[in-house]
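Down below is the structure, laid out as structure tokens.
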Amino acid sequence: MSSRFPGSSPHPLRQGATHVPVPCRLRAGACRGPSRPSDPYSLTTGPDGALWCTLVHSGGIARLTGTDLLERHTLDSKSCGPSVITPGPDGALWFTRSRDGRIGRITVDGRSDSYAGPTPDSGPFGIAAGADGALWFTEMNAGRIGRITMEGEVGGFELPLSGAFPSFITAGPDDALWFTLNRADAVGRIGLGGDVTVHPLPTSHAAPVGITAGVDGALWFAEIGAGRIGRMKTDGTVREFPLPDRSCRPHAVTADPGRGVCWFTEWATGRVGSITPDGRIEEYELPGPGAEPHGLAVAPDGALHVAMETGQVVRMTP
């Protein structure tokens, strides 16, 4: 992956930042399951109400239930790099395999298969269901936005910028797909017919990564290079909110309709934060040294789950 993604050493806290310890908000048994998922990366809630997680380094998918049971499903290649996972319109979970160029699918009872992308080195990463009943995904290395139908037919659209490194993608409130362009410091929009619009960000070296549709009808994204959370209206208007510690390297973002906020992970400093539509930020420290949080998801009961490099999936309760 790009050097703009998590991979550098953590930085110290900036003087004056205010943070709330998370342990007081954690339910007993924060490390989910009878054994830890060794390499959790992306999280989502499945159609079965369980939490599903990619195991990026060991080539697996994990399912975690409300009773703290952990099911591991080994894929056909331990080196395929399952990255981002999302529910599909067919009642299954779909995920990208960034290291072998394939798109994976797993049913709620654990049966999995995969479909070849354009090339083995295309680097599929972000994935989201579109309003047209297909899955849309980014191709980091190929500079394309891909599309796969429920029958496994794969197509795609070239982007107007070379080397832009399209990263995360989400369905927008306008039925289009919105995605971050990590190396171009921009956010893109692609319509269901393949028309692409690129919106440059006002901050250089912003390096946007995670993106989600917020509860306010805007797109929210993490600027991992600038230490900001961005908000973009569907007309391309941007507002950026600096975080207290600009070196915290915000990574993933998800919406929480129940609380009316977006949550985001701060990879370099081991924290998770929330931001309201008007930009009010709260941050919470995660347990243990070297947490390195990546993906996060809100479960049906309203609890927030965070995947950490240490092998834990942490549950935060209201």
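Residues: numbered from 1 along the sequence shown.
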- Message: For T138 and I145: C-alpha separation, side-chain torsions, deciding distance, then whether side chain to side chain contact (heavy atoms under 4.5 Å, CB included) applies.
- Response: CA-CA 5 Å; T138 59; I145 300 298; 3.9 Å; yes

- Message: I need the C53 SG to R72 CZ distance, nearest 0.5 Å.
- Response: 9.5 Å

- Partners of R97 by side chain to side chain donor-acceptor pair (under 3.5 Å), sequence neighbours excluded? D76, D100

- Query: What pair of heavy atoms forms the shortest contact from Q312 to P287, and how long is it?
  - Reply: OE1-O, 4.3 Å

- If two hydrophobic side chains count as joined below 4.5 Å and joins carry through other members, does V298 share a cluster with I85? no

- Task: Under the side chain to side chain contact (heavy atoms under 4.5 Å, CB included) rule, what do H199 and V238 come out as? Steps first, then yes or no, please.
- Result: CA-CA 9 Å; H199 300 285; V238 181; 5.6 Å; no

- Message: Please report the interatomic distance CD(E223) to CZ(R228), rounded to the nearest 0.5 Å.
- Response: 6.5 Å

- Task: Assess whether side chain to side chain contact (heavy atoms under 4.5 Å, CB included) is satisfied between R231 and I275, documenting all intermediate values.
- Result: CA-CA 10 Å; R231 177 184 185 272; I275 185 168; over 6 Å; no

- Task: Report the relative orientation of the aromatic rings in H251 and H294; use parallel for angles under 30°, tilted for 30 to 60°, perpendicular for over 60°.
- Result: perpendicular

- Look at the side-chain heavy atoms of Ile, Leu, Val, Met, Phe, Trp and Tyr, link any pair under 4.5 Å apart, and say whether L51 and L93 land in one connected group. no

- Message: With clusters defined by side-chain heavy atoms of hydrophobic residues (ILVMFWY) lying less than 4.5 Å apart, directly or transitively, does M232 cluster with V215?
- Response: no

- Query: Is there a chain of hydrophobic side chains (I, L, V, M, F, W, Y, each step under 4.5 Å between heavy atoms) that links V108 to M150?
  - Reply: no

- Task: Check whether the side chains of D245 and S247 place a donor and an acceptor atom closer than 3.5 Å, and report yes or no.
- Result: yes

- Are any side-chain N or O atoms of D185 and backbone N or O atoms of A207, one a donor and one an acceptor, separated by less than 3.5 Å? yes

- Test salt bridge (Lys or Arg N to Asp or Glu O under 4.0 Å) on R111 and D109 and set out the steps. CA-CA 6 Å; R111 292 177 290 115; D109 58 0; 3.3 Å; yes

- Message: Do V261 and E282 make a side-chain contact, defined as non-hydrogen atoms from C-beta onward lying under 4.5 Å apart?
- Response: no

- Are the side chains of V198 and L161 in touch, meaning some heavy atoms are under 4.5 Å apart? yes

- Where the side chain of S83 meets the backbone of G81, is there a donor-acceptor pair that is under 3.5 Å apart? yes

- Ignoring hydrogens and angles, tell me if any N or O in the side chain of T149 forms a donor-acceptor pair with the backbone of E151 under 3.5 Å. yes

- Query: Less than 4.5 Å apart, any side-chain heavy atom of C248 and any of P250?
  - Reply: yes

- Task: State, to 0.1 Å, how close L43 and H305 come at their nearest heavy-atom pair, and which atoms those are.
- Result: CD1-O, 3.5 Å

- Working to the nearest 0.5 Å, report the span between CD1 of I211 and OG1 of T254. 12.5 Å

- Query: So, for N182 and S167, which heavy atoms are closest and what is the spacing to 0.1 Å?
  - Reply: CB-OG, 3.3 Å

- Message: Give me the atom names and distance for the closest heavy-atom approach of A116 to V154.
- Response: O-CG2, 3.6 Å

- Message: Given 3.5 Å as the limit, does a donor-acceptor pair link the side chain of R271 with the main chain of E283, or not?
- Response: no

- Would you say T86's side chain and A128's backbone share a donor-acceptor pair under 3.5 angstrom? no

- Tell me, do F221 and T170 make a side-chain contact under 4.5 Å, heavy atoms counted? no

- Would I281 and F264 count as a side chain to side chain contact (heavy atoms under 4.5 Å, CB included) if you check the C-alpha gap in whole Å, the side-chain angles of each, and the deciding distance to 0.1 Å? CA-CA 10 Å; I281 294 168; F264 55 91; 4.2 Å; yes

- Nearest 0.5 Å please: distance from the NZ atom of K233 over to the CG atom of D216. 10.0 Å

- Query: Are any side-chain N or O atoms of S122 and backbone N or O atoms of A142, one a donor and one an acceptor, separated by less than 3.5 Å?
  - Reply: no

- Message: Quick check: is I169 connected to L181 through a chain of hydrophobic side chains (ILVMFWY, heavy atoms under 4.5 Å apart)?
- Response: yes

- Item | Close side-chain approach of D256 to S274, heavy-atom, < 4.5 Å | no

- Item | Which atom of E139 lies closest to which atom of G146, heavy atoms considered | OE2-CA, 3.6 Å

- R99 versus V56: any side-chain heavy-atom pair under 4.5 Å? yes

- Query: Backbone N or O of L192 within a donor-acceptor pair of the D132 side chain at under 3.5 Å?
  - Reply: no

- Check the angle between the aromatic planes of W52 and H73 and answer parallel, tilted or perpendicular using the 30° and 60° thresholds. parallel

- Item | Donor-acceptor under 3.5 Å (T180 side chain, F168 main chain) | yes

- Give, for atom CH2 of W94 and atom OG of S114, the distance between the pair rounded to the nearest 0.5 Å. 10.0 Å

- Query: L304 versus V272: any side-chain heavy-atom pair under 4.5 Å?
  - Reply: yes

- Task: Quick one: do E158 and R144 satisfy salt bridge (Lys or Arg N to Asp or Glu O under 4.0 Å)? Show the steps, please.
- Result: CA-CA 5 Å; E158 299 289 338; R144 289 164 42 98; 3.2 Å; yes

- Message: Please report the interatomic distance OG1(T197) to CH2(W178), rounded to the nearest 0.5 Å.
- Response: 7.5 Å

- Task: Kindly assign one of parallel, tilted or perpendicular to the pair F241 and W220, based on the angle between their ring planes and the thresholds 30° and 60°.
- Result: parallel

- Task: Compare all side-chain heavy atoms of V306 with those of V313 and state whether any distance is below 4.5 angstrom.
- Result: no

- Item | Contact summary for F179 and R189, nearest pair of heavy atoms | CE2-N, 3.7 Å

- Message: Would you call the rings of F125 and Y41 parallel, tilted or perpendicular, taking 30° and 60° as the class edges?
- Response: perpendicular

